[in-house]
Amino acid sequence: MSDAVIVIDFETTGISPAHGARATEVAAVLVADGRILDRYQSLMNTGAWIPPFIEQLTGISNRMIQQAPDAARVMGELARFIGDTPLVAHNASFDKKFLQAELDRIQLAPQAEMLCSMRVARRVYPQAVNHKLATLVRHARLVKTGAYHRALADAEMTAGLWLEMQAELGRQFGLERIPLALLRKIQSAPCRGLRGCVEAFRRSSNFQIQ
DNA sequence: TGCCAGGCCCTCTTTAGGGCCTT
């Protein structure tokens, strides 16, 4: 199973774990061989209070969280699901903070790198109106798998976007497959440097295009 | 009860400022 990734998405009580925000739901989907092969999803009870604005945004209520499994149990299950598989998230810096903060509480540390679908999308779809997940799903004419701002639906749609961006790169540059190493290069390349980045990677010693 | 961040990216830049994106 080459270049497998796990797409991860957290719903939370706020923006910053450094200011007390906690996770309320997490989903992770295993993507390999061009499709979703496995899923993990759970609400999680951290004891934190969800502000009304966030309840309205996500549809996740304080009542739902009170009945959810304990956060430590959920994060342990999530860590086992992830293992050391590379992660992908939309605006990865956000999910990375919460993954690290919630794992810290059970004395675990993230084992895997995290790539950012938003940074890749800014380079693959520079013409998009903006690079919000919902906009990119519409832009790429992907299937909407559920309500936005629920973890599993967002993770599945990010997975769809991840696969479609690889297909788009294949069409643009005549590549049969897009190695994870190339996506890693693309997300770190200048936003207007997509072609140069792919051509440089093509010339690299061990990259066989077709 | 309910405050709040921060890395990335662009440009009227680089000795900076402001918008984007996540909840």
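Everything numeric in this text was worked out from a predicted model, so none of it was measured.
With ring centers used as reference points, His139(A) lies under 6.0 Å from Tyr125(A).
The closest side-chain donor-acceptor pair between Thr158(A) and His90(A), if any, does not fall under 3.5 angstrom. A donor-acceptor pair shorter than 3.5 Å cannot be found between the side chains of Gln66(A) and Asn45(A).
Contact annotation for Arg150(A): no contact, since no heavy-atom pair falls under 4.0 Å across all strands. Counting non-hydrogen atoms under 4.0 angstrom, Asp95(A) reaches nothing in the nucleic acid.
dG6(B) atom C1' lies 12 Å from atom CZ of Phe98(A), rounded to whole Å. With rounding to whole Å, Glu55(A) atom CD is found 14 Å from dT1(B) atom C1'. One can place CD1 of Ile54(A) at 11 Å from C1' of dC4(B), the figure rounded to the nearest angstrom. Whole-Å rounding puts the Tyr125(A) OH to dC21(B) C1' distance at 18 Å. Distance CZ (Phe53(A)) to P (dC4(B)): 13 Å, rounded to an integer number of Å. Separating the CG atom of Leu133(A) from the C1' atom of dC20(B) is a distance of 15 Å, rounded to the nearest angstrom. Following rounding to the nearest Å, Phe94(A) (CZ) and dG6(B) (C1') show an atom-to-atom distance of 12 Å. The NZ atom of Lys132(A) sits 17 Å away from the C1' atom of dC9(B) (whole-angstrom rounding).
Looking at Ser188(A), its side chain never comes within 3.5 Å of a backbone N or O of Lys185(A) through a donor-acceptor pair.
Which of dT23(B), dA5(B), dT22(B) sits closest to the side chain of Lys97(A) comes down to dA5(B). Set against dT23(B), dC10(B), dG2(B), the side chain of Cys191(A) has dC10(B) as its closest nucleotide. Closest approach to the Arg119(A) side chain among dT23(B), dC21(B), dC9(B) is made by dC9(B) (side chain taken as heavy atoms from C-beta onward). Checking dC4(B), dC10(B), dC21(B) against the side-chain heavy atoms of His19(A) singles out dC4(B) as nearest. Closest to the Met118(A) side chain, of the nucleotides dC21(B), dT23(B), dA5(B), is dC21(B). When distances run from any side-chain atom of Ser16(A) to the nucleotides dT22(B), dT23(B), dA5(B), the shortest one goes to dA5(B). Each of dC21(B), dT23(B), dG6(B) was ranked by its minimum atom distance to the side chain of Ser93(A); first place goes to dG6(B).
In terms of phosphate contacts, Arg192(A) brings no side-chain nitrogen or oxygen within less than 4.0 Å of OP1 or OP2 of dC9(B). Contact annotation: His149(A) reaches the phosphate of dT23(B) (side-chain N/O to OP1 or OP2, under 4.0 Å).
Partners of Glu113(A) by side chain to side chain donor-acceptor pair (under 3.5 Å), not counting sequence neighbours, listed by chain and number: Arg184(A).
The distance from the CG atom of Asp9(A) to the CD atom of Glu156(A) is 11.0 Å, given to the nearest 0.5 Å.
Pro110(A) approaches Leu99(A) most closely through the heavy-atom pair CB-CD2, 4.3 Å.
Distance noted for atom P between dG2(B) and dT22(B): 26 Å (whole Å). Separating the C1' atom of dT14(B) from that of dG18(B) is a span of 15 Å, rounded to the nearest Å. Between dT23(B) and dT1(B), the two P atoms lie 25 Å apart (nearest whole Å). To the nearest whole angstrom, the two P atoms, one in dT13(B) and one in dC8(B), are 22 Å apart. For the P atoms, the distance from dC20(B) to dC12(B) is 16 Å, rounded to whole Å.
Residues of residues 5-14 of chain A having a heavy atom closer than 4.0 Å to DNA chain B, listed by number: Asp9(A), Phe10(A), Glu11(A), Thr12(A), Gly14(A).
Counting heavy-atom neighbours within 6.0 Å of Lys132(A) NZ, excluding the residue itself, gives a total of 12 or less. Within a 6.0 Å radius of CZ in Arg171(A), other residues, nucleotides and ligands contribute more than 12 heavy atoms.
Residue order along DNA chain B, read from the 5' end via each residue's closest nucleotide, puts Ser188(A) first among Ala134(A) and Ser188(A). Each of Arg122(A) and Leu57(A) was assigned the nucleotide of DNA chain B with the nearest heavy atom; the assignment lying further toward the 5' end belongs to Arg122(A).
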